There are 2 protein chains.
Amino acid sequence: MGKRTSAAEVAELAGVSRTTVSFVLNNVPGMRISEETRQRVLQAAQLLNYHPDSTARRMVTGQTKMIGFVLRQSPDQAFGDHFLPQVLHGMSHAVSAQGFHLVFEIIPPEDQGGVYMKLINERHVDGIVLSGPRSDDAELLRACEQGANIVLAGQIPGQKIPYVDVNNIDGAKIATRHLISLSHTRIGMITNAPLAYTASADRLAGYRAALDEAGLAYDETLVRLGDFTMDSGYKAMDDLLTIDQRPSAVFVASDTVALGALQAIQNAGLQVPQDIAICGFDDIPLAKFLNPPLTTVQLPAYGLGWAAADLLIRMILNKEIINPYVLLGTELVVRSSCGAPERP
Amino acid sequence: MGKRTSAAEVAELAGVSRTTVSFVLNNVPGMRISEETRQRVLQAAQLLNYHPDSTARRMVTGQTKMIGFVLRQSPDQAFGDHFLPQVLHGMSHAVSAQGFHLVFEIIPPEDQGGVYMKLINERHVDGIVLSGPRSDDAELLRACEQGANIVLAGQIPGQKIPYVDVNNIDGAKIATRHLISLSHTRIGMITNAPLAYTASADRLAGYRAALDEAGLAYDETLVRLGDFTMDSGYKAMDDLLTIDQRPSAVFVASDTVALGALQAIQNAGLQVPQDIAICGFDDIPLAKFLNPPLTTVQLPAYGLGWAAADLLIRMILNKEIINPYVLLGTELVVRSSCGAPERP
DNA sequence: GAATCTTATTAACACGTGTTAGCAACGCGG
DNA sequence: CCGCGTTGCTAACACGTGTTAATAAGATTC
């Protein structure tokens, strides 16, 4: 590993002071440097292959120019995580556009101690995006109280901490409206998760809102709870098929859960969409390869990452913030599982 | 944002020098500190909620305790990346086990300038794991020449740069052997990518080796080239089906490509595995949900991430390195697309 | 010709830590 | 009383940079 070259060595080679080197290389405005010395400095820097030491720069500026992305996830969950790569792309773009870097950290789901707070406390980063926040995370609340730069990916109900999230209510509304527009009047729903999860409750609320605005009655005998897994979807749908006057369409608030529901329908000898229409949520990569291809609501994964990082950096730089509570819109991806004509 | 507390303030509160604070908090061996002052310092530190500033520490130790993970990937590719989350889990574990942190950076596929080298040059990190290295990357070769700490995820043929990779030859051998063990003698192959890619050439080599050891002749009329996509798999398989004496089994060196191949087979009115057996490579999440579920070779994504980070950190810390060229083994996942009885 | 302004450059400080070399106090053998 | 080892602690340096205040030389003004 070749010795690093410091600004002092560049200064010596160019025959000027280290201060001048700094002024030239940083293009400090207001500092009068003659064109001749400017060139000498630039050449010397190039010749010595000089790169300023970010650590020393952090020391004096007080900024690390780094943000953390803390992901609460078990290794098991990782296998089924279809969106992380896109989220990371979004973050990476936003981050490098501002000259920042991204520190990535995974913490176990059960962690409550706020291990990740070391990132801020020891000043490895200027702020963090926290994915999967827990409402019982005392460290988190205290840190936000003290003005730490934190943006949530997801929400904690009741807490006014800046966040970026999907507009789940709206997404569910769009999906349900689609089913209604296809003349369905008995529309079932299977949630993506227990209602303790904000996203789950919101998607249920969106479903109800769509029924309301169409003048359809909400019938809770048509609603079942999923819990992330295919299995839960299978059971829920199996159950829905046994009631008399079974629904002619179902909105399943998670593609993974919908996968199970689809199997239950087909195992019962029924056809999708002829006998039952089904609409999912998330648009996982697999959705378009299902048989039939699944109509679903697209999760704006890239946008989530981008918006979260951008908001956080605005906070760090004290830039103007229009709205610290960002809800991203969704889009319906029409395929053939609802019987609608495919849109190009 | 509350003012940070420095070691000096802790020292003042405890009534000792800053040096003593440093000795106590770092448990410096050989330094005699009386139990009484030790306690005073610890209490003061706790009371003031002191956390040492990593930047200042970096300054004096010369180590950043960070490694970079540079991923060469376009946003389009991200959607089809099924392994990144697992790779990151592996890295994250290895990294935090050694008290390091991970800096994540994405660069566009066409980048040749070595933008990512800024991570090392400006000393943001102590070393990097580079995914998707290009053999025409001049910056990379020069940096390695100069002794930079770099580990490749993947290989550059002919260059002796430390790397971690899947044992593609072995994986392909295992897959082909499986087909042979099911009494197939005319076994076709569709590669995952053009042969310029090491992984692709190696998987082809493994396929040939398995044929060899079974005494089966290599017949290049049974081999087609894929290029990552489903479409390429569809075309390749469609083509294979037209030759006389079509193969009774096919090894497709990528699950995604196999997806297309499967469609081609089924569109031709043939049954899998009755008419043609098919074995994939990668074990993407979707594989087990295909119809029929796809027998395939599991890519050790978690292990790749772990091993790469671990090797890099060993290099950084000058620890003993048994072998800087790591090839990870694979495992066959038997499902029903080859007609073998499923293993539990 | 003295006073003032402009131009080009630099000396010196600050950031917060790890660490080496050294200092004062004390006990103990002679 | 002197010399010496031990114990407990600290002063001072180093790390590489950004930035403020100051300096010297030359140009301009009155």
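Hydrogens, waters and symmetry mates are skipped; everything else that's a heavy atom, side chains included, is used. In this text the structure is predicted, and so the values were computed from the model without any measurement.
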Take A/M31 and A/A8, find for each the nucleotide of DNA chain D with the closest heavy atom, and name the residue whose nucleotide sits nearer the 5' end. A/A8
At a heavy-atom distance below 4.0 Å, what parts of residues 10-20 of chain A sit against DNA chain C? A/V16, A/S17, A/R18, A/T19, A/T20
Output yes when a side-chain donor or acceptor of A/D126 lies under 3.5 Å from a complementary backbone atom of A/T64, and no otherwise. yes
Within the side chain of B/S54, is there an N or O that forms a donor-acceptor pair under 3.5 Å with the backbone of A/E122? yes
Mind checking if B/S6 touches a base, just sugar-phosphate, or nothing, with heavy atoms under 4.0 Å? sugar-phosphate
Give me each pair satisfying side chain to side chain donor-acceptor pair (under 3.5 Å) with a member in residues 305-315 of chain B, each pair once, sequence neighbours excluded. none
Apply ring-ring contact (aromatic ring centres under 6.0 Å, His included) to B/F104 and list each qualifying residue two or more places apart in sequence or on a separate chain. B/F69
Near DNA chain C, which residues from residues 35-48 of chain A have a heavy atom under 4.0 Å away? A/T37
Side chain of B/R72, backbone of B/P109: donor and acceptor closer than 3.5 Å? yes
Looking across every strand, which nucleic acid part, if any, lies under 4.0 Å from A/R32 by heavy atom: base, sugar-phosphate, or nothing? base
Is it the case that the side chain of B/N323 and the backbone of B/Y325 share a donor-acceptor pair, with hydrogens and angles ignored and the cut-off at 3.5 Å? yes
The complete set of side chain to side chain donor-acceptor pair (under 3.5 Å) pairs with one or both residues in residues 86-97 of chain A, sequence neighbours excluded, reads A/H89-B/Q73, A/H93-A/Y302
Applying the side-chain contact (heavy atoms from CB on, under 4.5 Å) test to B/V151, which of B/I67, B/I161, B/V164, B/L130 qualifies? B/V164
Donor-acceptor pair between B/S22 and B/T19 side chains, under 3.5 angstrom: no
What are the 5'-most and 3'-most nucleotides of DNA chain D lying under 4.0 Å from any heavy atom of chain A? D/dG16 to D/dT20
Counting only N and O atoms by type, is there a donor-acceptor contact under 3.5 Å from the side chain of A/D53 to the main-chain atoms of A/T55? yes
